[in-house]
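Any value given below was found using the heavy atoms of this structure, including those in side chains, with hydrogens, waters and symmetry copies removed.
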Amino acid sequence: MLSSINKNLTRTPTPTRASFLSSLLNSCIARSATGPGKQVHAQLILSGLSRNPFSATKLITLYSASHSTSHARAVFDGIPNRDRNVFVYNAMIRAYAWHGPHEHAISLFQTMVENGLEPDNFTYPFALKACSALSAFNDGRDIHERAFMSRWDSDPFVGAALVDMYSKCGSVDRARDAFDRVTDRDVVVWNSMIAAYAHNGLPTEAFEILRDMSTRGFRPTVATLVTTIATAADAAMLPQGREIHGHGVRMGFISQDKVNTALVDMYAKSGRLGVARTVFESLKERRNVSWNAIITGYAMHGNAEEALNLFDQMRSEQFDPDHITYVGVLAACSRGGLLELGKKHFDSMKGDHSIDPTVQHYTCMVDLLAHAGQLREAYDLINSMPMSPDSAVWCALLNACKIHKDVEMGECVLKKLIELEPDDAGNYVILSNIYAQAGKWDEVSDLRRSIAEKGIKKTIACSWIEVKNQVHSFLVGDAMHAQSKAIYAEMDRLEGLMRDAGYVPDTEPVFHDVENDEKAGLVRAHSERLAIAFGIISTPPGTRLLVNKNLRVCGDCHVAIKFISKIVGREIVIRDINRYHRFKDGECSCGDYW
DNA sequence: ATAGGGTTAG
């Protein structure tokens, strides 16, 4: 079609030709057809129209849609400076904001201003999106200042972009200020604010905004539900999640696979793998995210077999696993202690699927090797990584040093960790555990002194459990709860039964965890045990308990909870900082491999 | 002539 028309085109009057080529470009943009688009581009050059801002904007849009930012920039550079209007700048800034380099979006915004052009309600969202991607707080704030001066900040599009930018820079208060200044809030502005709270660890505030939004008559969208369900999932706020789920059903969103994928994740994270699986099976259209959600769900719970079965099924249904799928697969292998299989998948990821391993994939592999006792190999793998190792990688190795009682390697790894996160007490505690296991008490007290001298604050251990829609949290040795007496009485009762059943408390004077440091005698009052005791006395017999903890479960508690699960005949799920432990009938889903 | 928010991992 293009070639037959091309012959006559030079005889066509310019305005007609321009509008004809313009409509051709529109269809190329709609279909992301770069090939035909390039032919139209050639025609525009022949006709002397490629420098015209109108056609140039379309060309930039076309190349941007096909990720050819450099081609887009060539078109932009071809436009004489005096002809560059706000449209061409917007299109070019958008190209950088979408496909990078994001820094270029910001510098082009500045160039535009220097050239005396006034950014508009399109320019701001594009430039701010680049700041969001870079978490560039200072640039974002400068752009905000300009938007404020020109009063664009009250525009809903600009406002939503500002909320998002501050949110991604971790400044939720400024996000809220930006939100408050938007005069005509629409649903996207509300959604942005919900996401801002959710992503900055303020789930309660996120739910408040959701309620506020509904009260003011805004109908939640799929994005609203997906965000809030994910918030409930991460905060393990199952009742809220169920409420939103119900809300979604009533509003007819429930056939939406995107909402259901978020539900798969939520139920998996709340330890309801069976429900998660049922929702997953009900999906009409499975996408990579859905597979990833269910695979990582099983992986987190230590069910390597089912995670890997699903992975095989995913591949047999012709889905292309992505880097997140592999985080799940490798995590499953690592939790299941499947060394050879893990190595196989790690190689296949790169070899068969051309996925470059990220630091997370390396962390899984280090965990896998080190857990299996191959500390040296794990150490070598870290040193062979193409990127600089982060604290998570070293932490995986340090943890294995504790399991395999390798003092020398532990000391070496701690040095690396101190460089990366000097103020993290948890690392010192793991090393002091290693020393204690080896009977190196002098080193233990030296380390203890050094923590005190450096003034490092230890994380206070906290566990929480939800009963009848209310969160109850407990610190170690906590006596603040209204039912504290009954809780301790229940703990005494349980301990008696546990001892009868053969439980021997671990009385070794080691750091069981960060929390009991000076209080070795308080192991029995570890926060998770308080939460469990409370859960037992405040729910009907047989009710499953879900406890969250901000640190790892200690070894003694792990043994104790196994006994408790058998004695009270309940399923007890602990979600600690690293993984899930599902206790049932005196066993834990982790198989004591953690 | 062009727009802002959302799910999986860490």
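- The side chain of A:Asn90 sits closest to B:dT2 out of B:dA1, B:dT2, B:dT7.
- Set against B:dT7, B:dA1, B:dA9, the side chain of A:Gln360 has B:dA9 as its closest nucleotide.
- Using a 4.0 Å heavy-atom criterion, one finds that A:His199 contacts the sugar-phosphate atoms exclusively.
- Contacts of A:Thr204 classified as side-chain hydrogen bond (donor to acceptor under 3.5 Å, both in side chains), with partners at least two apart in sequence or in another chain: none.
- The side chain of A:Pro125 lies closest to B:dA3, out of B:dG6, B:dA3, B:dA9.
- A:Thr325 comes within 4.0 angstrom of no nucleic acid atom, judged by non-hydrogen atoms across all strands.
- Rounded to an integer number of Å, the gap from CZ of A:Phe157 to C1' of B:dG4 is 6 Å.
- Considering only side-chain N and O atoms, A:Lys269 lies under 4.0 angstrom from the phosphate OP1 or OP2 of B:dA9.
- The side chain of A:Thr227 sits closest to B:dG6 out of B:dT2, B:dG6, B:dA1.
- Between A:Tyr96 and the options A:His104, A:His67, A:His102, a ring-ring contact (aromatic ring centres under 6.0 Å, His included) holds for only A:His104.
- When distances run from any side-chain atom of A:Thr57 to the nucleotides B:dA1, B:dG6, B:dT7, the shortest one goes to B:dA1.
- Remark: A:Arg73 engages A:Asp77 in a salt bridge (Lys or Arg N to Asp or Glu O under 4.0 Å) (not counting sequence neighbours).
- For A:Ala230, taking side-chain heavy atoms from C-beta onward, the closest of the listed nucleotides B:dG6, B:dT8, B:dA9 is B:dT8.
- Between A:Tyr267 and A:Arg277, the side chains place no donor N or O within less than 3.5 Å of an acceptor N or O (distance only, hydrogens not considered).
- Of the candidates B:dG10, B:dT8, B:dA3, the closest approach to any side-chain atom of A:Phe126 belongs to B:dA3.
- The nucleotide whose nearest atom lies closest to any side-chain atom of A:Asn292 is, among B:dT8, B:dA9, B:dG6, B:dT8.
- The side-chain hydrogen bond (donor to acceptor under 3.5 Å, both in side chains) search around A:Lys350 returns A:Asp356, not counting sequence neighbours.
- The CD1 atom of A:Ile294 sits 15 Å away from the C1' atom of B:dA9 (whole-angstrom rounding).
- A:Val188 comes within contact range of at least one nucleobase, with a heavy-atom separation under 4.0 Å.
- Qualifying side-chain hydrogen bond (donor to acceptor under 3.5 Å, both in side chains) partners for A:Arg335, counting only residues two or more places apart in sequence or in other chains: none.
- Counting only residues at least two apart or on different chains, the ring-ring contact (aromatic ring centres under 6.0 Å, His included) pairs with a member in residues 213-234 of chain A are A:Trp190-A:Phe218.
- Only A:Lys168, listed by number, bring a heavy atom of residues 166-179 of chain A to less than 4.0 angstrom from any atom of DNA chain B.
- For A:Met300, counting side-chain heavy atoms from C-beta on, the closest listed nucleotide (B:dA9, B:dG4, B:dG6) is B:dA9.
- Nearest to the side chain of A:Trp98, among B:dT2, B:dT7, B:dA3, sits B:dA3.
- Side-chain N/O atoms of A:Asp186 and base N/O atoms of B:dG4 include a donor-acceptor pair closer than 3.5 Å.
- Using a 4.0 Å heavy-atom criterion, one finds that A:Val264 contacts no nucleic acid atom at all.
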